Amino acid sequence: DSGVTQTPKHLITATGQRVTLRCSPRSGDLSVYWYQQSLDQGLQFLIQYYNGEERAKGNILERFSAQQFPDLHSELNLSSLELGDSALYFCASSVVAGVGGNEQFFGPGTRLTVL
Amino acid sequence: EDQVTQSPEALRLQEGESSSLNCSYTVSGLRGLFWYRQDPGKGPEFLFTLYSAGEEKEKERLKATLTKKESFLHITAPKPEDSATYLCAVQARTGAGSYQLTFGKGTKLSVIP
């Protein structure tokens, strides 16, 4: 158990709909990352937040948005869903900081199925 | 653009048969190279971080090494429970405060009893 929690575990919805995925980081971690994993693309970085502020953006679609709240939990909002958005969505957290690399610890993921 | 290539895509080993997985990378300024293990339908599990060429780290039957262009994950006398997908990722020295990982597509390891 990494200490990162994600809800819900599974989500089935229809095209055109909007969903919200939730993530609670490990205790003490200030940075949250969102990744998308599909069979053909592998793990792709979407967006990073640090202590409530956006720090980096990857291949995140304009239909997707995220935020990090004062209690450090984060939500990923996916709207106008398409069949191709079906994937596993992972949240990771890290202490972050300063010099050197930093280990990211991943949650169990949310499996999104768009029908 | 940072790139990570893992080989082979899949590897079948007999229990006890040692082997190595490869991760080659191109990145403008390596901050760290990470190895993760992922079981089907689960989140990646952190294994190792390597920071500089020549560095080695070990954990049970796994040993990770790093050169300037690639990393190897050596598996000694594997057991069936080592079956999983092993992911390699790099963290580049990008903008301040930016720590995202670029992942390879993984090597799916199957260890046969």
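Convention: sequence-line order gives letters A, B, ...; per-chain numbering from 1. Please read these numbers as outputs of a predicted model, since none were measured by experiment.
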Single-linkage hydrophobic cluster [X]~[Y], side-chain heavy atoms < 4.5 angstrom:
| X | Y | value |
| --- | --- | --- |
| B:V4 | B:Y86 | yes |
| B:L73 | B:Y25 | yes |
| A:L78 | A:L88 | no |

Here the disulfide bond (SG atoms under 2.5 Å apart) pairs for residues 48-84 of chain A, sequence neighbours left out, are none
Honestly, the part of B:Q38 sitting under 4.5 Å from a heavy atom of chain A is side chain
Honestly, the part of B:L50 sitting under 4.5 Å from a heavy atom of chain A is neither
Applying a strict 4.5 Å limit to non-hydrogen atoms, the region of A:Q37 in contact with chain B is side chain
Taking all non-hydrogen atoms of both residues into account, name the closest pair between [X] and [Y] and its distance.
| X | Y | value |
| --- | --- | --- |
| B:K42 | A:F90 | O-CZ, 3.4 Å |
| B:Y51 | A:E103 | OH-OE2, 3.4 Å |
| A:Q104 | B:F46 | O-CB, 4.4 Å |

Sequence neighbours excluded, the answer for side chain to side chain donor-acceptor pair (under 3.5 Å) partners of A:S80 is none
Taking CD in B:E9 as the centre, count heavy atoms belonging to other residues, nucleotides or ligands within less than 6.0 Å. Is the count above 12?
no
To the nearest 0.5 Å, atom CD of A:Q44 lies from atom CG of B:L101 at 12.0 Å
Between B:Y36 (side chain only) and A:F106 (backbone N and O only), is there a donor and an acceptor less than 3.5 Å apart?
no
